[in-house]
Amino acid sequence: MSLATKIGSLTLRNPMILASGVLGTSYSTLKRAYEAGLGAVVTKSIGINPSSGNTNPSIFALNEIRSVISSIGLANPGFQVFREDLEKLLESSVPTIVSIFGESMEEFKEVLNGLTDLPIQAFELNFSCSSSKKDRAQISTDPDLVFEIVKELRTNTTVPLWVKLTPNVSNIVEIASSAVRGGCDALVAVDTLKAMVIDIQTKQPILGNKRGGLSGAALKPVGIRSVYDLYEHFDEEIPIIGVGGIYRGEDIIEYLLAGATAVEIGTSLGVAYPENMVRFFQMKVKKYMEEHKFSSISEITGGAHK
Amino acid sequence: MTKQTLANDKPLMCKIVDKWEECFETFSFKLQLPVKVQGAKPGQFIMLWIPGEDEYPVGIAGLENNILEVGIARMGEGTEAMHRKEVGDFVGIRGFYGKPFTPPEDVNHLLIGGGFGVVPLKMLIETLMKSEKKQDIHVFEGARTKNRLMYLKWLQELHDQGEITFHVCTDDGSFGYQGFPTVALEEFLQKTKTPSVIYAAGPERMMKFIFDLGKKYPKVIDMQMSLAGRYMRCGFGACANCAVDPTGWRICVDGPIFNTEKLEKISDFGVYERLDTGEKKKL
C-alpha cells in the first residue's frame, strides 16, 4: 500500500498538503509542518510589498461549528524578504508551493518573476482572498481575468501553476475552465466562504475588517460539492486538490472520492499540534485503504462518481 | 455548570466591574465572566477585544469567582482604548490560552518581572502561596521610578506578613535600592544553598539577560520565562505569526512559558521579534 500521489508531474509522499495561511509565515513553521509528516506545504500568500493586513481581531474560532472566521487581509513580509525564508526552507528539501497574490497582472508577474528561479514545486495563485480590504474577489469571480492572468503567467515560468478557486461564485466550473484554458496545472478547491460574525452586546461586527472568510468544518460540504462538480466536468484532464474543513482522516477520503488527487489542510493543523493531527490522519487513511482494499491513492480518486 | 476552562470561541463579552489606577499609566480591571469557569492557570493569557478598536494578548493577574483581573500598561492606541473603558462597559475575551508556569516543589521560587510582565507573576504568587508546602517565594521587581512599580502596596504587605521576600529597586533610586532587579537576584543566587527556579516575564532582552545570568549558577535548576509579549493574531496556533525560529514553536500554543531546555533552542529569544507583516526585526 502506498500513500504517494501525483499532481501532474509532481509526486508527493502522501496526499496531505499544508493549506495556505496556516503555519505559513516562516521557514521554521513550514519545516515543522512538513516534518510532522505532510506531503508538501503551501506558504502564506505573498505579495510585492510588506503589509500589516487588517486590524485585529483578524481571526477567531467559532466553537459550535468547529470553524474559524478570519480576515488577516493578506498580511505578509513581501516577496523579497520572504525569499530568505524560502531559501532556508528549500535547503531542507521541503516540497514547497508558494502562494502568491497581486492587485493586478503586473503585481502577479513581479512576485512570480522574483521567485521563479527557486526550486519550488508550484505557485498557487490566490485570486480570491475574500477577506481582503479591496475587492480582489473581482479576479476570482471574473472568468476572463482569470484566463488572462493565468495565460500571461504561464509564459513567465516553467514552474507548475495551481489556481485556488473561490466558492463564492454561482458556477465554479466556469471559472475553473478559464484557468485550465489559460494553462494551469492543477485546481485547488475551495478558498474560504464569505462570512461575518456580529456581537449582539455591542451591536457590531467583531472582525476588525467586519467581513471575513469562513474555514473549518462548516466549509467541508461546500468543498466536497465543488470538487465533485469539477471532477465531473474535467475527469482526469486536470488534477484537483480538495481543501476545506478537513478535521479527520475520513474527510480526506471523502475529498478523494469526490475527485481529488490530494488535499490541503489548514485550520485543523493550526488549532492543534500538527504532529498529532497528521499521525491521526495517516492512520485513518491507511485503515480505510486496508478495509476497502485500495493499494494506492489514485484508486480512490473519483470513486464517488461510479 | 462550572466549566474547566473556556471554549476556544469568538470573544466572550464581559462587563467591567472594577477599574483602578495601578501605577503610572497602568490600570487594573476586573471583568465579570458571564459563565462559571473553574480557572485559568498562572502564565496563561487572554486575547482582549476592545470593540471597534483592537485586540491583543493580555496576561492574567487573577481569576476568582468568575471575576478575571487584568493589568494594562499604556503601550499604544490599543491599550489607550482599554484605559478609556469604564465600569459597566463591555469588552471581549478569548482564552485562556497557552501553557502555564509549572512550579516544582521544595525549591526557592524566584520571580522577576519588568513592566507589564509583573501581571502574570501576580497570579503565580497567589498560586504558590496557596500551596500546602512551605514555599520560599522571592519577588524581584524593578522600574524606572517608584510610581511605575506595579502591585507595590500588595507586594509590600505580603513581605511584611512574611509570605514573600520582596526585593525592590528603581533606576532613579526613588524607592528601594538604586539599580536593576538583576543585582539583587545575583546577590541572592550567590548566597543561597537551596535549588532555585527562576520565573520571569517582561521585555525579552531583560529576560535574556536573566537567562544568561541564571545559567551561571548550578543552583538554578530551571528557568521558566514568558514570551507572551510577542505580536499575536489568533492566540490558538493557526496564524503562527508569533512563532520563533528555528524550532517553529508558536508562542501562543507551545508557550508562552518556556523552560530552560526549550529557551536554549530558541535562537530568536531576546534577539528578534516578528512584526505584524511577518518580517523579523532586531530587538
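Order of the sequence lines fixes the chain letters, A, B, ..., with proteins taken first and strands second; residue numbering starts at 1 for each chain. All values reported here derive from a predicted model rather than from experimental measurement.
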Applying a criterion of heavy atom separation less than 4.5 Å, what residues of residues 274-283 of chain B form contacts with chain A?
B:R274, B:D276, B:T277, B:G278, B:E279

Best-contacting candidate, A:K44, A:Q201, A:E84, A:K210, against chain B by heavy atom pairs under 4.5 angstrom
A:Q201

Relative to chain A, which segment of B:R94 carries a heavy atom at a distance below 4.5 Å: side chain, backbone, both, or neither?
side chain

What residue, out of A:T267, A:V271, A:D85, A:V81, has the most heavy-atom pairs lying under 4.5 Å from chain B?
A:V271

For chain B, the option from A:G208, A:S26, A:G266, A:P274 that forms the most heavy-atom pairs under 4.5 Å
A:S26

Within this structure, what is the CG-OG1 distance for the pair B:D89 and A:T202, rounded to the nearest 0.5 Å?
11.0 Å

More than 12 heavy atoms of other groups within 6.0 Å of B:K99 NZ
yes

Is B:Y97 in contact with chain A via its backbone, its side chain, both, or neither, using a 4.5 Å heavy-atom distance?
neither

Measure the shortest side-chain to side-chain distance between B:W249 and A:R32 over non-hydrogen atoms and say whether it is less than 4.5 angstrom.
yes

Hey, does A:F60 have a side-chain heavy atom less than 4.5 Å from the side chain of B:C234?
no

Top contributor to chain B interface from A:I200, A:D199, A:L62 [non-hydrogen pairs under 4.5 Å]:
A:D199

Counting heavy atoms not belonging to B:N65, are there more than 12 under 6.0 Å from its CG?
no

Is the backbone of A:N63 close enough, under 3.5 Å, to the side chain of B:D9 for a donor and an acceptor to pair up by distance?
yes

Non-hydrogen atoms of chain B under 4.5 Å away: do they reach the side chain of A:A33, the backbone, both or neither?
neither

Heavy-atom nearest pair, A:S28 first then B:V244, reads OG-O, 3.5 Å

Can you tell me if OH on B:Y272 sees more than 12 non-hydrogen neighbours from other groups inside 6.0 Å?
no

Do B:F236 and A:I59 have side chains that get closer than 4.5 Å, going by heavy atoms?
yes

Looking at chain B, which one of A:S67, A:S52, A:A75 has the largest number of heavy-atom pairs inside 4.5 Å, strictly under?
A:S52

How close do A:P205 and B:W49 get, heavy atom to heavy atom, and via which atoms?
O-CZ2, 4.2 Å

Would you say A:Q204's side chain and B:G52's backbone share a donor-acceptor pair under 3.5 angstrom?
yes

Top contributor to chain A contacts, counting heavy-atom pairs under 4.5 Å, from B:M47, B:E53, B:R233
B:R233

What option among B:G237, B:G235, B:A243 has the most heavy-atom pairs under 4.5 Å with chain A?
B:G237

Atom CG of A:L207 and atom NZ of B:K10: how far apart are they, to the nearest 0.5 Å?
12.0 Å

Check: B:R250 side chain, A:G270 main-chain N or O, donor-acceptor pair, under 3.5 Å:
yes

Measuring heavy-atom distances to chain B, does A:F82 have an atom under 4.5 Å in its side chain, in its backbone, in both, or in neither?
neither

Could you tell me whether A:K31 and B:D245 make a salt bridge, using a distance below 4.0 angstrom between a side-chain N and a carboxylate O?
no

Under a 4.5 Å heavy-atom cutoff, which of A:L23, A:L30, A:V22 has the most pairs with chain B?
A:L23

Around B:K85, counting heavy atoms of other residues, nucleotides and ligands shown, do more than 12 lie under 6.0 Å from its NZ?
yes

Do you know the tightest heavy-atom contact between B:V253 and A:Y273?
O-OH, 3.3 Å

